[in-house]
2 protein chains.
Amino acid sequence: MGAPQHDVASGRASDRAYAVLRRDIVEWRLEPGTVLGEVEQAERIGVSRTPLREALARLVADGLARQQRGRGVVVSEVSLDHLDDLFELRRALETTAARAAARAADRGPEEFDALAGAFLAAADSPAPAQDLDRVREHYFELSGRLDALIDGAAANPYLAQALRQLRVHLERIRRLARDDLPRLRASAREHAAIARAVAAGEPDVAAAATEVHLFHSLAHIAATAQPAAPPAAPPPAVHVPGQRAAPA
Amino acid sequence: MGAPQHDVASGRASDRAYAVLRRDIVEWRLEPGTVLGEVEQAERIGVSRTPLREALARLVADGLARQQRGRGVVVSEVSLDHLDDLFELRRALETTAARAAARAADRGPEEFDALAGAFLAAADSPAPAQDLDRVREHYFELSGRLDALIDGAAANPYLAQALRQLRVHLERIRRLARDDLPRLRASAREHAAIARAVAAGEPDVAAAATEVHLFHSLAHIAATAQPAAPPAAPPPAVHVPGQRAAPA
DNA sequence: GAGCGCCCTTCTGTATACAGAATCGACGCG
DNA sequence: CGCGTCGATTCTGTATACAGAAGGGCGCTC
């Protein structure tokens with residue numbers, strides 16, 4: 001995401017705790033079902049229980065965690081079973097946003113045009129496969145910029161909020177899929193189509209291009225996703241949540 | 001809303017504070033721009049600052065309040081300017097939900113049929129104008145049941161969450177409009193059409209009926225809404241918060 | 001040997017106490 | 001007479017201390 005994201009070193013301890021926990025959940029360092037003990041996480045992050053509690057409340061509000069009866073909060077489950085639900089909502093929101101942005105694009109379509117060009121350039125660049133990480137990073141940055149641009153052009157705070165909340169879940173579940181160079185390039189072209197349609201002020205085309213992209217995106221994720229552990233470090237190490245050996 | 005809503009007398013003080021504040025904001029007892037001082041509200045509600053703080057965080061997450069730099073949290077602004085934005089999102093979400101519900105209606109369309117009948121009965125009942133409050137209450141209860149039924153049939157937790165958050169804002173802004181008996185009856189018939197389409201398992205029809213209802217609903221609110229103070233007690237009394245009246 | 005009940009431990013939920021920051025008012029200066 | 005600046009006051013943000021409740025483990029009983 002090219003967007004600034006929440007800074008992990010932000011001023012308030014409450015924000016820090018939220019940012020850390022959110023990042024760890026999205027990046028699957030905290031797996032679904034993990035109990036987020038207050039004292040435990042407070043010590044780990046380095047804040048007191050009060051701001052951590054606030055962070056947990058925000059997490060629950062986001063849907064990244066849920067409150068168990070008496071047992072505190074646990075990281076909410078997410079699996080490929082939710083893919084269709086997630087994309088059903090995503091389709092509703094993003095087509096609406098694309099339509100609204102296209103309607104409002106009479107002022108300043110240049111940015112969308114420029115972004116479309118950047119997407120096409122990224123799609124056609126002869127990047128070797130070894131730079132997959134760089135390509136992916138660049139692609140995500142462009143995607144984030146397009147999202148932000150559409151959000152801004154749509155100028156609908158309620159829609160923007162709904163999209164923001166959706167994207168957290170999307171990013172979490174997307175880590176289950178393994179993207180490759182061909183998919184990234186195809187995705188870049190799909191994004192370019194969206195950007196061009198918005199720049200042209202064509203709401204229906206923008207919505208259609210968005211649907212096309214979402215269809216392919218969903219198909220790719222469903223095809224390449226692994227059912228369980230996501231990052232490239234499945235077997236060993238970390239155990240972030242577990243107990244600390246040293247007594248208090 | 002016929003839905004259980006949040007009980008104001010719930011167990012945890014945090015929930016109590018949230019329920020009270022949310023109710024006061026939605027019912028316009030706390031007007032937009034009101035500063036929610038922590039000590040002030042904590043004393044008013046009868047809880048300590050800690051749970052109240054948690055409640056404020058949830059309010060901010062809901063979008064009912066926003067956090068000002070250093071100045072604490074204030075009740076978020078809402079005006080008729082947001083009507084179009086709100087209904088743009090509402091259209092996206094509710095048509096999607098209606099479609100999903102209609103697709104899943106092969107199991108148990110009886111409830112939707114029954115609800116459609118109840119709507120039609122309410123629309124045709126010869127209630128005198130003096131019972132407007134009763135009629136309105138009955139209508140809202142039926143609407144809430146239909147919403148809940150659709151949410152359940154759609155079986156999409158992400159969509160349900162987005163709808164839940166939207167409905168809070170909807171209820172707040174709806175208090176600006178003054179409904180009358182003809183509108184309530186027409187609305188009941190529109191709801192009946194939605195329920196019947198869902199029961200029939202016709203996604204497109206259900207979505208179309210939803211769009212029809214939203215169009216009329218928006219038109220009515222825009223036509224009858226007053227720009228500023230909502231409840232039937234504008235001039236005297238309460239002054240729940242500190243002083244306002246002075247624009248920023 | 002298995003089921004049940006009791007006690008202990010641990011955790012959440014709440015309240016209070018403390019430190020830093022920002023704001024508002026007043027005073028003095030230009 | 002207006003503006004900048006300084007100070008007191010109030011507020012938020014954070015940490016800690018305390019009480020109630022739930023869970024798990026153990027022993028007792030059947």
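Note on naming: letters A, B, ... go to the chains in the order of the sequence lines (proteins, then strands), and numbering restarts at 1 for each one.
In this model, a donor atom of one side chain and an acceptor atom of the other lie less than 3.5 Å apart for A:Ser76 and A:Arg172.
Salt-bridge annotation for A:Arg175 and A:Glu171: present, with a side-chain N of the basic residue lying under 4.0 Å from a carboxylate O of the acidic one.
For the pair B:Glu38 and B:Thr50, nearest-nucleotide mapping onto DNA chain D gives the more 5' position to B:Glu38. Looking at which nucleotide of DNA chain C each of B:Arg49 and B:Glu54 is closest to, the 5′-most match is held by B:Glu54.
Rounded to a whole Å, the CZ atom of A:Arg53 is 14 Å from the P atom of C:dC11. A straight line from CD1 of A:Ile45 to C1' of D:dA15 spans 16 Å, rounded to a whole angstrom. The separation between B:Arg12 atom CZ and D:dA22 atom C1' is 14 Å, rounded to whole Å. For the pair B:Glu43 CD and C:dT14 P, the interatomic distance rounds to 18 Å; values are reported in whole Å. The nearest whole Å value for the distance from the CD atom in B:Gln41 to the P atom in D:dC11 is 12 Å. Whole-Å rounding puts the B:Gln68 CD to D:dG13 P distance at 12 Å. Residue B:Glu40 contributes atom CD, which lies 17 Å from atom C1' of D:dT9 at whole-angstrom precision. Per the geometry, CG belonging to A:Asp15 stands 16 Å off P belonging to D:dT12, to the nearest Å.
Contact between the side-chain N/O atoms of A:Gln67 and the OP1/OP2 oxygens of C:dG13 is found at a separation under 4.0 Å.
Under a cutoff of 6.0 Å and an axis angle of 45°, B:Arg174 and B:Phe140 form a cation-pi pair.
For the atom pair CG of B:Asp179 and OG1 of B:Thr224, the computed distance is 7.5 Å after rounding to the nearest 0.5 Å.
On a pure distance criterion of 3.5 Å, no polar donor-acceptor pair joins the side chain of A:Ser14 and the base of D:dT14.
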